[in-house]
2 protein chains.
Amino acid sequence: MTSDADIALDKAVEVLRLDRQLCFALYSAANRVTRLYRPLLDALGLTYPQYLAMLVLWEHSPRTVGEMGQALDLESSTLTPLLKRLEGAGLIARSRDPDDERRVIISLTDAGDAMRDQALGVAEQFFCRLDTPMPELVDLRERLKRLAV
Amino acid sequence: MTSDADIALDKAVEVLRLDRQLCFALYSAANRVTRLYRPLLDALGLTYPQYLAMLVLWEHSPRTVGEMGQALDLESSTLTPLLKRLEGAGLIARSRDPDDERRVIISLTDAGDAMRDQALGVAEQFFCRLDTPMPELVDLRERLKRLAV
DNA sequence: TGAATACATATCGCGCACGATTAAATCGTT
DNA sequence: AACGATTTAATCGTGCGCGATATGTATTCA
């Protein structure tokens with residue numbers, strides 16, 4: 001015989017199973033991808049979030065900290081220290097906007113700009129190591145973007 | 001007229017666009033999901049990775065640190081401090097395995113076990129806030145799992 | 001003009017996530 | 001039994017990621 005409490009427990013056991021959680025699949029896949037990028041980016045001396053920040057700048061430079069935060073969906077409390085490290089590495093320059101002293105303008109240095117070619121190699125190596133057909137990757141990417149939160 | 005260098009540059013610009021990177025879509029979606037969980041988990045006094053660790057234990061307790069690391073795909077350097085915090089919160093107990101003193105056995109306390117019901121509410125609220133049909137979520141989850149890295 | 005408000009970035013504290021290293025226990029082989 | 005290799009967890013240092021808060025600049029409007 002089965003009590004109501006047992007049924008509720010069974011439901012909890014089913015619903016909360018790790019392999020049924022979208023959140024864990026996402027968390028785990030993001031960690032795995034970061035780990036996969038690490039050895040590729042070591043050659044450039046970049047961390048994974050730093051690489052993403054450089055992608056933003058390669059797309060369009062200069063940009064303000066705020067614009068980069070919007071593009072990457074990150075707070076200034078994350079971005080400011082990261083950008084200071086990129087500045088320390090000589091890849092970007094930080095300067096106040098003369099037209100609005102609140103803003104800080106981030107621009108690529110020559111060294112930062114020159115790194116773009118190597119980045120192309122990183123992107124290609126990543127694709128190779130994933131060993132998944134491009135259409136599948138594009139589909140996954142678009143589904144992730146649709147996950148409006 | 002267009003030089004070879006210009007063509008190579010165009011290719012780099014296209015390939016490296018942030019909105020074409022699977023890695024960024026994944027990174028960003030994972031951050032968004034963590035942010036969405038935060039207010040829900042605040043009520044339980046758990047962080048998001050702590051919640052995942054509790055999911056593992058609600059599924060089956062006791063387990064060793066190594067087993068949990070395998071389930072969550074995390075190193076002991078991540079897990080040990082996290083588990084110590086859960087122990088401090090009174091949700092789990094940590095003890096050496098008498099049969100093999102290298103192992104540390106993690107078991108739910110009564111308080112940790114009792115939290116499972118509230119966790120069920122968290123999972124339901126998360127689903128509601130996502131506002132995405134279940135089949136789409138299941139499909140995305142399975143695609144993420146397939147992303148073997 | 002001057003006070004109130006809003007805005008852009010920076011700072012701080014906490015908790016991951018991981019590579020490298022260490023310490024202790026166990027296992028395997030002789 | 002003994003010693004080297006392996007296994008398990010812990011420790012340490014670095015870099016995020018974010019909420020809360022601070023700081024300085026610009027805007028608004030009385």
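In what follows, chains are A, B, ... by sequence order, proteins preceding strands, each numbered from 1.
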Side chain of A:Ser77 - closest among D:dA10, C:dT26, D:dG19 = D:dG19

Here the distance between atom P of D:dG19 and atom CG of B:Asp42, to the nearest Å, is 10 Å

Evaluate whether atom CG of B:Asp42 has more than 12 neighbouring non-hydrogen atoms of other residues, nucleotides or ligands under 6.0 angstrom away.
-> yes

Separation of D:dG15 P from A:Leu52 CG (nearest whole Å) = 17 Å

When you match A:Thr78 and A:Glu101 each to their closest nucleotide on DNA chain D, which lands nearer the 5' end?
-> A:Thr78

If you check every side-chain atom of A:Thr47, which of D:dG15, C:dC16, D:dT11 has the closest atom?
-> D:dG15

Of B:Arg85 and A:Arg96, the one whose closest DNA chain C nucleotide lies more 5' | A:Arg96

Is it true that the side chains of B:Arg32 and B:Ser28 contain a donor and an acceptor less than 3.5 Å apart?
-> yes

When rounded to whole Å, the CZ to C1' distance for the pair B:Arg102 and D:dT6 reads 8 Å

Do other residues, nucleotides or ligands put more than 12 heavy atoms under 6.0 Å from the CD atom of A:Gln70?
-> no

In terms of the angle between their ring planes, are A:Trp58 and A:Tyr51 parallel, tilted or perpendicular, with boundaries placed at 30° and 60°?
-> perpendicular

So what does A:Leu79 hit on the nucleic acid, given a heavy-atom distance under 4.0 Å: a base, only sugar-phosphate, or nothing?
-> nothing

Go through A:Leu22 and B:Leu140 one step at a time and tell me if the side chain to side chain contact (heavy atoms under 4.5 Å, CB included) criterion holds.
-> CA-CA 8 Å; A:Leu22 171 64; B:Leu140 177 55; 4.0 Å; yes

Of the candidates D:dT25, D:dC18, D:dA10, the side chain of B:Val104 sits closest to D:dA10

Report the residue (A:Pro81 or A:Tyr27) whose heavy-atom-nearest nucleotide on DNA chain C is the more 5′ of the two.
-> A:Pro81

Under 4.0 angstrom, heavy atoms only, what part of the nucleic acid is A:Thr64 near: base, sugar-phosphate, or nothing?
-> sugar-phosphate

For D:dG15, does OP1 or OP2 lie under 4.0 Å from any side-chain N or O of A:Gln50?
-> no

Given atom CG of B:Leu72 and atom P of D:dA9, what is their separation to the nearest angstrom?
-> 13 Å

Would you kindly give the CZ-to-P distance between B:Arg35 and D:dA20, to the nearest whole Å?
-> 14 Å

Protein-nucleotide distance (B:Leu41, atom CG; D:dG17, atom P), rounded to Å = 19 Å

Go through C:dC16, D:dC16, D:dG17 for me and flag the one nearest to the A:Leu82 side chain.
-> D:dC16

Does B:Ser76 get its side chain close enough to the base of D:dA10, under 3.5 Å, for a donor-acceptor pair?
-> yes

What is the distance, rounded to the nearest whole Å, between atom NZ of B:Lys84 and atom C1' of C:dG15?
-> 15 Å

Candidate nucleotides C:dC18, C:dT9, D:dT25, ranked by approach to the side chain of A:Thr80 - the nearest = C:dT9

Nearest-nucleotide comparison on DNA chain D, the residue closer to the 5′ end among A:Pro49 and B:Arg103 | B:Arg103

Check the distance between D:dT14's P and A:Leu46's CG and give it to me in whole angstrom.
-> 18 Å

For the residue pair A:Arg103 and A:Val65, establish whether any side-chain heavy-atom pair is separated by less than 4.5 Å.
-> no

